[in-house]
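Quick notes on the structure that follows.
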Amino acid sequence: MASKPEGKRASVASMTNLGKRDSLEKPLQPPLRGKASLGKVSFSNQSSWSLSGLLAAQRMTKNLKEKRALKGAKKTEIVEPQPPSFASHPSEKIQVTAMKQVLESYLPERLGTITYNPASAPSLVKEVSEEVKGRVKRVLPTRYKALCVVTLGERGQEDIAVVSRCLWDSHSDSYVAHVYENSSLFCVVAVYAVYCE
C-alpha cells in the first residue's frame with residue numbers, strides 16, 4: 001500500500017481503488033483447485049489441525065471403539081416366543097399330534113369303502129365334519145373351540161389346491177390338516193382349534 005502515509009490507517013476508498021487497479025493490470029485467472037484466490041490474500045480449503053482438535057478427535061474415536069467392543073461382546077440369546085402380557089393364557093397347550101392321529105385313524109375307517117356319488121356327497125361331507133369335530137373335541141383342552149372344514153371330490157385326472165388363511169393368536173391357536181384318497185374320491189379335512197376367553 002504505497003499511498004498510505006506512515007501512522008495513518010488506510011481508508012475503505014483507497015482499499016477499493018487498490019483492488020480495482022490490481023484487477024485492471026492483471027487478467028482474471030481461474031482459481032487453482034483447492035485454493036481460492038482473492039487479490040493478494042489466498043484462502044485454502046485444506047483444514048488446519050490444532051492440538052486441541054486432535055485430542056478431541058482421539059477421545060471420540062476411543063469412545064467409539066469401546067462402544068463397538070461392548071456391542072460385539074454381548075451374546076445374543078434365543079428366547080422362546082411368549083404371548084403378549086395383555087392376552088389371556090390357556091392353561092394347557094394344544095396337542096397337535098393327538099389331533100393329527102384322530103384324523104389319520106378316522107378317515108380311512110370312514111371313507112375306505114365309499115365310492116364317490118355326487119348325489120350323496122353333501123350329506124357325507126356334513127357327517128364327516130360333525131364326526132371329526134366330535135372326536136377332536138375330546139382331545140382339546142377346555143375353552144377351545146373346534147372348526148372343521150371338509151372338502152370332498154371325485155378323483156380324476158385333475159389337480160386341486162385347498163388354501164386357507166387365518167387371523168389368530170399364534171401362541172394359543174393351531175390347526176391340523178389331513179388328506180385322504182381312495183380309488184374314487186379325495187377328502188381334505190382341516191381342523192382349526194381356537195382358544196376362547
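Remark: Tyr144 pairs with Tyr195 by the ring pair (Phe, Tyr, Trp, His ring centres under 6.0 Å) rule, at least two apart or across chains. Remark: Glu109 engages Arg135 in a salt bridge (charged side-chain N to carboxylate O under 4.0 Å, His left out) (not counting sequence neighbours). Contacts of Ser172 classified as side-chain hydrogen bond (donor to acceptor under 3.5 Å, both in side chains), with partners at least two apart in sequence or in another chain: Asp169. A search for side chain to side chain contact (heavy atoms under 4.5 Å, CB included) contacts involving Val150 returns Val125, Val128, Ser129, Cys148, Cys187, Val189, not counting sequence neighbours. Every side chain to side chain contact (heavy atoms under 4.5 Å, CB included) that Tyr192 has, sequence neighbours left out, goes to Leu147, Val149, Ser164, Cys166, Trp168, Tyr175, Ala190. Legend: residues meeting side-chain hydrogen bond (donor to acceptor under 3.5 Å, both in side chains) with Glu127, ordered by chain and number and at least two apart, are Arg110. Scanning for side chain to side chain contact (heavy atoms under 4.5 Å, CB included) contacts around Glu181 gives Arg155, Val179, Phe186, with sequence neighbours left out. Remark: Val139 pairs with Ala98, Met99, Val102 by the side chain to side chain contact (heavy atoms under 4.5 Å, CB included) rule, at least two apart or across chains.
Closest of all the heavy-atom pairs between Ala177 and Lys100 is O-NZ, 2.7 Å. Between Leu140 and Ala193, the closest heavy-atom pair is CD2-CB, 3.8 Å. Closest non-hydrogen pair, Ala119 versus Pro122, comes out as O-CD, 3.7 Å.
The structure places CG of Leu124 at 6.0 Å from CG of Leu111, a figure rounded to the nearest 0.5 Å. Tyr116 OH to Asn182 CG: the interatomic distance, rounded to the nearest 0.5 Å, is 12.5 Å.
Other residues, nucleotides and ligands contribute at most 12 non-hydrogen atoms within 6.0 Å of the NZ atom of Lys145.
A continuous path of hydrophobic side-chain contacts links Val132 to Val96 [ILVMFWY only; heavy atoms under 4.5 Å].
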For this session: Please test Leu185 against Thr115 for side chain to side chain contact (heavy atoms under 4.5 Å, CB included), starting from the C-alpha separation and ending with a verdict.
Result: CA-CA 7 Å; Leu185 60 82; Thr115 58; over 6 Å; no

